[in-house]
Amino acid sequence: MAERIPVLAANWKMHKTIQEMEAFFKVFLPLVEDVHHREVMIAPSFICLKDARRIVAGTVVRIAAQNMHSEEEGAFTGEISALMLRSIDIDQVILGHSERRHIFGEDDEFIAKKVKAAVQHGLSAILCIGETLEEREAGLTGKILSSQLDLGLNQLEATEYDNISIAYEPVWAIGTGQTASLDQIQEAHGLVRKFIEERVGEAVAQHIRILYGGSVKPGNVRQIMALEDVDGALVGGASLDPESFASIVKYEEN
Ligand code: 13P
């Protein structure tokens, strides 16, 4: 089986000013100094990206954007492009987060264009997928995840999957304190890996990283990370506090 380096990623959403970000890193960086054999990623607001890059230079931490537009430039007030992210050396981006889908109305077609634009500009993308509570209760989870993957990845060549990770984030588990059960997580992740295998083959499927997101905390991350098809975690609320996120990064110690 391919070795997949674990990735612990923080999605700060619309939290933290520049000053708050600086205060976070002052405490966080010494706590993760001795961390090896994993990727640590933090996605602050656009405003913080450039300073965050400077602050973490030479450490284990990588900085990601939380979103971007699919076009390089144009009349899209308030948007940021892949070119702009690359101009400040950002090479990671989260796309299709459920808050982008549900609050800002992004559809699979738009997200697919973003995924393609990201990889074409040398960014690695984390594509987020996940079902709502109504969809789960109606027995539609597998169908929804397959459809989001199918549409979200449909512009990619097989060679471009090297720069893609998938984050499974059940909408009902985000920010609710209600983590999906270990069985539910493994089942969904297994389905994602199978989908990738069917689409582009076993080698890519064994290589691609699948992250879980939705109320991950220091107290549950170790069990979640131990699941066969979980290769990482995408953490919202519990990533805002430096001690809490450091403890998530060092999940085997919990
Ligand atoms: P919480 O960890 O706050 O549930 O958020 C998860 C999430 O949306 C990460 O992208």
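Counting starts at 1 for both ligands and their atoms, following the listed order. Along the sequence shown, residues carry numbers from 1.
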task = Identify which of A173, G236, G177, A167 has a heavy atom lying nearest to atom 6 (C) of ligand 1.
result = G236

query = Based purely on interatomic distance, does K13 place a nitrogen or oxygen under 3.5 Å from a nitrogen or oxygen of ligand 1?
reply = yes

task = Mind telling me whether W12 and F24 have parallel, tilted or perpendicular rings, with 30° and 60° as the class edges?
result = perpendicular

query = Any idea which atoms of ligand 1 are less than 4.0 Å away from a heavy-atom of E169?
reply = 6 (C), 7 (C), 8 (O), 9 (C), 10 (O)

task = May I ask you to decide if the ring planes of Y212 and Y168 are parallel, tilted or perpendicular, using 30° and 60° as cut-offs?
result = tilted

Min heavy-atom dist K217 to ligand 1 below 4.0 Å = no

remark   = re atom 4 (O) of ligand 1, the protein heavy-atom contact at minimum distance is G175 N, 2.6 Å

key: Short N or O distance, T176 and ligand 1, threshold 3.5 Å exclusive   = no

key: Distance (rounded to the nearest 0.5 Å) between D183 CG and L227 CG   = 8.5 Å

inquiry  = For the residue pair K26 and F28, would you count it as a cation-pi contact if the rule is NZ or CZ under 6.0 angstrom from the ring centre and within 45 degrees of the ring axis?
reply    = no

ask   = Looking only at heavy atoms, what is the nearest atom pair of V192 and I129, with distance?
value = CG2-CD1, 3.9 Å

task = Starting from atom 3 (O) of ligand 1, locate the nearest protein heavy atom and write down its residue, its atom name and how far away it is, to 0.1 Å.
result = G237 N, 2.8 Å

task = Under 4.0 Å, heavy atoms only, figure out whether ligand 1 is touched by the backbone of I174, its side chain, both or neither.
result = both

Listed pairs under 3.5 Å, donor-acceptor, residues 149-158 side chains, sequence neighbours left out:
from, atom 1, to, atom 2, distance (Å)
D150, OD1, R199, NH2, 2.2

key: Atoms of ligand 1, numbered as shown, that sit under 4.0 Å from any heavy atom of G214   = 4 (O), 6 (C)

request  = Calculate, to the nearest 0.5 Å, the distance between atoms CD and CZ belonging to E20 and F25 respectively.
outcome  = 13.0 Å

